[in-house]
Amino acid sequence: MTSNHHQLPVEGYLAETKGHTIHSWARYYDLAVGIISLGREKKFRRAALELVYIKPGMNILDVGCGTGSLSIAAKQKQGEEGVVVGIDPSSNMINIAQGKAEKERVNIDFQVGVIENLDFPEDQFDLVFSSLMMHHLPDELKLAGLEEVHRVLKPGGRLVIIELDPGAFSLASLVHGHSAQLSSALQNVLLYLERTGFGAIEYGRLNFRGFAYMSGEKPAQEN
């Protein structure tokens with residue numbers, strides 16, 4: 001897995017996908033997240049990383065990485081040993097993420113890419129994150145994306161999905177729509193995790209009001 005650290009994608013390029021993307025207003029995304037999180041984005045990222053044990057040498061993938069905040073936080077927690085890759089359909093997002101990584105002096109491989117067609121070999125990653133992305137995908141892309149994540153995870157590797165909590169009122173849920181629709185979307189994700197072969201499936205509330213998590217593990221290969 002080679003690094004694209006100095007190869008920025010063409011400005012304005014958007015990968016082909018049937019999912020909803022944030023592209024034209026990418027430069028305002030961090031501002032919007034700051035407003036929705038009431039200025040506590042760093043606490044939100046810490047709460048997300050508390051769900052997993054990140055250690056040096058791991059290969060980590062952040063799917064739908066946006067402007068790279070979670071990727072950067074994961075790399076800072078991991079240290080220099082290991083690889084963190086962040087993908088997003090929008091080159092505008094990726095370019096902003098790369099600039100932020102350079103400012104923080106962390107080496108992350110940011111690439112334009114989509115969850116339904118991951119450009120990585122199977123059994124590549126120890127950990128995959130998906131933060132506030134699944135609700136942007138139609139059901140067929142949720143299923144296809146989870147199949148791809150399962151493929152690129154190593155046996156025993158883990159997927160962690162962060163989403164809006166339909167059972168808790170927050171500014172974020174108000175912005176993103178009706179709680180019944182969110183609840184239905186999350187139920188579908190849990191169903192698709194099981195259908196695509198994930199085990200040890202968990203669902204709970206993040207230690208940050210208004211957000212929930214789901215996680216699943218790719219079963220270890222049988223001897």
Side-chain angles (χ1 to χ4, degrees), residues 1-7 9 33 41-90 93-94 96-134 145-163 189 193 196-202 206-208 211 213-220:
M1 190 161 42
T2 59
S3 173
N4 291 346
H5 188 62
H6 298 295
Q7 300 175 8
V33 171
E41 184 191 1
K42 286 186 179 179
K43 183 178 179 182
F44 169 72
R45 304 298 174 194
R46 283 198 302 270
L49 293 179
E50 284 172 2
L51 297 171
V52 292
Y53 175 58
I54 294 178
K55 58 184 179 181
M58 294 178 79
N59 288 343
I60 300 171
L61 175 63
D62 185 6
V63 178
C65 66
T67 60
S69 295
L70 184 59
S71 303
I72 291 168
K75 185 60 181 173
Q76 289 171 332
K77 189 170 183 179
Q78 179 191 53
E80 292 187 7
E81 294 181 38
V83 175
V84 175
V85 181
I87 69 165
D88 196 273
S90 168
M93 288 289 207
I94 291 298
I96 293 170
Q98 188 64 71
K100 287 166 64 174
E102 290 173 359
K103 185 177 179 180
E104 295 291 332
R105 297 184 178 182
V106 292
N107 188 8
I108 299 173
D109 186 0
F110 285 113
Q111 307 178 15
V112 173
V114 294
I115 189 173
E116 66 268 28
N117 187 21
L118 296 175
D119 191 20
F120 305 104
E122 62 184 47
D123 301 343
Q124 184 75 39
F125 294 98
D126 301 282
L127 176 64
V128 176
F129 278 109
S130 165
S131 177
L132 304 180
M133 186 198 68
M134 281 291 171
L146 290 174
E147 287 175 343
E148 276 288 86
V149 169
H150 188 276
R151 179 182 67 80
V152 303
L153 272 173
K154 295 177 183 178
R158 195 152 194 84
L159 165 65
V160 176
I161 298 168
I162 310 295
E163 268 301 341
V189 172
L193 281 170
T196 50
F198 284 92
I201 297 170
E202 297 179 4
L206 198 65
N207 188 24
F208 191 93
F211 296 90
Y213 75 90
M214 291 164 282
S215 66
E217 187 174 293
K218 181 175 180 176

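Values below: all heavy atoms of this structure, side chains included; hydrogens, waters and symmetry mates excluded.
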List the atom of [X], the atom of [Y], and the distance in Å for their closest heavy-atom pair.
X      : Y      : answer
Arg158 : Glu217 : NH1-CB, 3.1 Å
Ile108 : Gln98  : O-OE1, 3.8 Å
Ile94  : Gly86  : CD1-O, 4.0 Å
Gly66  : Ala97  : O-CB, 3.9 Å
Phe110 : Ala101 : CE1-CB, 3.8 Å
Phe208 : Ala47  : CB-CB, 4.2 Å

If only atom types and distance count, is the side chain of [X] paired as donor or acceptor with the main-chain N or O of [Y] below 3.5 Å?
X      : Y      : value
Asn59  : Asp126 : no
Ser90  : Met93  : yes
Lys77  : Leu49  : yes
Glu104 : Ile72  : no
Gln78  : Met58  : yes

### Query
Residues in side-chain contact (heavy atoms from CB on, under 4.5 Å) with Lys218, at least two apart?
Asp123, His150, Leu153
With a 4.5 Å limit on heavy-atom distance, are the side chains of [X] and [Y] in contact?
X      : Y      : value
Leu206 : Leu51  : yes
Leu159 : Leu193 : yes
Thr196 : Val149 : no
Val114 : Glu148 : no

## Note on the structure
Sorted by chain and number, sequence neighbours left out, ring pair (Phe, Tyr, Trp, His ring centres under 6.0 Å) with Tyr213 holds for none
Look up atom [atom1] in [X] and atom [atom2] in [Y], then write down how far apart they are to the nearest 0.5 Å.
X      : Y      : atom1 : atom2 : answer
Ile161 : Ser215 : CD1   : OG    : 8.5 Å
Asp88  : Asp62  : CG    : CG    : 9.0 Å
Leu118 : Ile87  : CG    : CD1   : 5.0 Å
Cys65  : Phe129 : SG    : CZ    : 13.0 Å
Ile115 : Asn117 : CD1   : CG    : 11.5 Å
Ile60  : Lys55  : CD1   : NZ    : 11.0 Å

### Message
Check this for me: does any side-chain nitrogen of one of Arg151 and Glu122 sit under 4.0 Å from a carboxylate oxygen of the other?
### Response
no
### Query
Met214 and Phe198: side chain to side chain contact (heavy atoms under 4.5 Å, CB included), yes or no, with the steps?
CA-CA 11 Å; Met214 291 164 282; Phe198 284 92; over 6 Å; no
